[in-house]
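Keep in mind that what you see is a predicted model, and the values were worked out from it rather than measured.
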Amino acid sequence: MNFLCISFFIFLLPIAGASLPQPLSFQKGFTQLFGGDTNLLRFHNDNTVHLHLNQYTGAGFRSSDLYNHGLFSARIKLPSEYTAGIVVAFYTSNGDVFEKTHDELDFEFLGNIKGKPWRFQTNLYGNGSTSRGREERYTLWFDPSKAYHRYTILWTSSKIIFYIDDVPIREIIKSDEMGSDFPSKPMALYATIWDASNWATNGGKYKVNYKYAPFVTEMTDLVLHGCVSDPIQQVLTDDCAQMDKQLETIHYNNITPKQQSAMKRFREKYMYYSYCYDTLRYSVPPPECVVDPLLRQRFKETGRPKFDRRHRRHSKKGNQVLSNKVYEIQDED
């Protein structure tokens, strides 16, 4: 049986010679969302949590506070064997406060049938822009069920960067053309495991098989680095303004030439869907897209390396912008 071990930290701005702060207990920093006493278990001075998915329920928690920009990170180890239909999510959101105009930044790990690799997607929404899904999907260069790897979301007032370990895999630079689609309101950090049999694996073809339950994900060294904010407050406090400046200077915000090359290699080899190249959804790429001519040729008109006729049927609806709630990317083995 696998176990979920999560150590919680408030990660301060790095200072030369400074040590990591003491772990933040679950009671002080986080709130249970669902799972009850059987699927969300707390141990080791309240610094360890087990999240289980079984035939009755999954489990999840969120940070007690919302943050006005920040760096959010955890080392994660995913369930192994047959994981079809499972989603493990590590994301930021303010949907509980702004139901119709929420912001969101996602890592969503999509399970698979036995012998097939985990896949994952990143996405962002700003101001409730769910009809303009900005998802990308990828495979990995390692087995995420064999060892811990660090997944990081950096969100500043000017950019968003998704990292795996020390490799940036996606960067979104804020532009005036994006308008309110760039996340701008305080968000909380969430972690969940749940049954998404209706869409997660090959568009719902393969369901969760509870013969393999419980499914347990593991996380450790969870990082929160940002300014705690009142989501309703409209004026940025001096403390948060200073924190925003600090976020712009941390090393995660400044991608080195070596990291740029690593990101380019990752996207060329492991990205298998990008909304920026899906001309059936967007005849003109959204303004934040930086279109690579070589990737444009590879992805053709579907945003995928291989053409899927099911997408062509969608295109007969004319210029209608398809909601990502309706338009599901169909994965192929």
Side-chain angles (χ1 to χ4, degrees), residues 6-21 23-24 29 63 65-76 89-93 103-109 120-124 126 134 136 138 140-142 144 148-175 178 182-184 186-191 219-229 236 239-267 270-271 288 290:
I6 306 181
S7 300
F8 303 102
F9 293 89
I10 293 292
F11 200 73
L12 304 178
L13 182 69
I15 301 174
S19 60
L20 285 173
L24 182 69
S63 61
D65 294 313
L66 283 77
Y67 296 83
N68 182 76
H69 306 119
L71 181 123
F72 311 94
S73 184
R75 294 173 60 225
I76 300 174
F90 180 76
Y91 65 105
T92 64
S93 178
D103 305 296
E104 190 171 318
L105 299 170
D106 301 321
F107 270 112
E108 288 186 311
F109 304 95
F120 76 102
Q121 64 183 20
T122 61
N123 207 345
L124 74 95
R134 289 171 158 88
E136 293 182 347
Y138 328 82
L140 290 158
W141 64 94
F142 55 84
Y148 291 100
H149 290 268
R150 180 166 290 283
Y151 303 86
T152 300
I153 301 170
L154 174 68
W155 168 48
T156 76
S157 58
S158 63
K159 69 175 68 171
I160 296 159
I161 308 176
F162 294 87
Y163 278 88
I164 298 178
D165 294 327
D166 200 37
V167 177
I169 63 165
R170 181 179 184 182
E171 181 181 30
I172 302 104
I173 305 296
K174 182 180 180 180
S175 65
M178 284 189 75
F182 190 89
S184 61
M187 291 190 280
L189 176 66
Y190 292 78
M219 301 181 187
T220 190
D221 297 338
L222 193 134
V223 172
L224 298 172
H225 171 47
C227 184
V228 175
S229 301
L236 188 66
D239 287 343
C240 284
Q242 183 64 31
M243 177 61 75
D244 280 357
K245 291 180 180 178
Q246 293 176 354
L247 285 169
E248 297 287 352
T249 64
I250 62 175
H251 76 276
Y252 276 99
N253 191 57
N254 298 291
I255 299 175
T256 67
K258 184 177 179 180
Q259 288 175 315
Q260 285 282 4
S261 297
M263 179 165 63
K264 186 175 187 295
R265 289 194 299 271
F266 171 83
R267 295 175 69 78
Y270 296 102
M271 184 170 69
E288 73 279 2
V290 178

pair [X]-[Y]: side-chain heavy atoms closer than 4.5 Å:
{"X": "H69", "Y": "C240", "value": "no"}
{"X": "I173", "Y": "V290", "value": "no"}
{"X": "E248", "Y": "K245", "value": "no"}
{"X": "H225", "Y": "L247", "value": "yes"}
{"X": "E136", "Y": "I169", "value": "no"}
{"X": "D65", "Y": "L224", "value": "no"}
{"X": "R134", "Y": "N123", "value": "yes"}
{"X": "W141", "Y": "I164", "value": "yes"}

| note | To the nearest 0.5 Å, atom OG of S184 lies from atom CG of N68 at 9.0 Å
| message | Can you classify the ring geometry of Y163 versus Y252 as parallel (below 30°), tilted (30 to 60°) or perpendicular (above 60°)? | response |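 Perpendicular: the ring planes of Y163 and Y252 meet at over 60°.
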| task | May I ask you to decide if the ring planes of F162 and F107 are parallel, tilted or perpendicular, using 30° and 60° as cut-offs? | result | perpendicular
| request: Examine F120 together with Y151 and report whether their ring centres are nearer than 6.0 Å. | output: no
| Distance flag, aromatic centroids of W155 and Y67, threshold under 6.0 Å | no
| message | Checking T122 against Y138: is there a side-chain donor and acceptor pair closer than 3.5 Å? | response |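 Short answer, yes.
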